[in-house]
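First comes the structure, then the notes that go with it.
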Amino acid sequence: MPLEAIQQIEEAEAQAKQRKLDAAAAAKKTVSDAEQSGQAALSQARADAESQSRAMLEQAEQRARAGAADTLAQMKQACEALRQSAQERLPAAAELIVRRVVNV
């Protein structure tokens with residue numbers, strides 16, 4: 001075999017080996033890039049979920065505060081109505097007590 005043919009074969013083998021190394025490096029870079037992209041997407045999704053969760057919690061707390069204020073207002077009205085009713089019946093109750101005490 002001529003020396004030139006052997007050199008061509010060696011050169012072809014070296015090029016094939018280099019292409020194989022280049023392909024392996026490109027594959028590693030692709031995997032690394034995909035992992036980084038996935039981690040970034042995951043981090044963003046977590047941040048979005050936390051933000052949405054905080055917003056939902058704040059809305060729930062606002063609704064709860066509004067509901068508590070409404071309930072408090074209703075209870076104040078009910079207490080006032082009971083107080084007023086008791087105030088109206090106070091003279092009759094006092095009169096009843098006096099009659100029982102005097103009749104005893």
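We're numbering straight along the sequence, starting at 1.
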Gap between atom [atom2] of [Y] and atom [atom1] of [X] - 0.5 Å precision:
X: Asp22; Y: Lys29; atom1: CG; atom2: NZ; answer: 13.5 Å
X: Thr71; Y: Gln74; atom1: OG1; atom2: CD; answer: 5.5 Å
X: Glu11; Y: Gln8; atom1: CD; atom2: CD; answer: 7.5 Å
X: Arg83; Y: Glu88; atom1: CZ; atom2: CD; answer: 10.0 Å
X: Arg54; Y: Glu50; atom1: CZ; atom2: CD; answer: 6.0 Å

Checking the side chain of [X] only, and the main-chain atoms of [Y] only, is there a donor and an acceptor separated by less than 3.5 Å?
X: Thr30; Y: Ala26; value: yes
X: Ser43; Y: Gln39; value: yes
X: Ser85; Y: Ala81; value: no

- Item | Exercise: do Gln52 and Asp48 side chains pair donor with acceptor under 3.5 Å |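 There is no such pair (donor and acceptor under 3.5 Å, judged by atom type) between the side chains of Gln52 and Asp48.
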
- Message: For Glu58, is there an ion pair with Arg65 - N to carboxylate O distance below 4.0 angstrom?
- Response: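 Salt bridge present between Arg65 and Glu58.
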
- Begin with the C-alpha distance, continue with both residues' side-chain angles, and end with the deciding distance and a verdict on side-chain contact (heavy atoms from CB on, under 4.5 Å) for Ser32 and Gln36. CA-CA 6 Å; Ser32 175; Gln36 288 177 350; 4.0 Å; yes

- Counting heavy atoms not belonging to Glu4, are there more than 12 under 6.0 Å from its CD? no

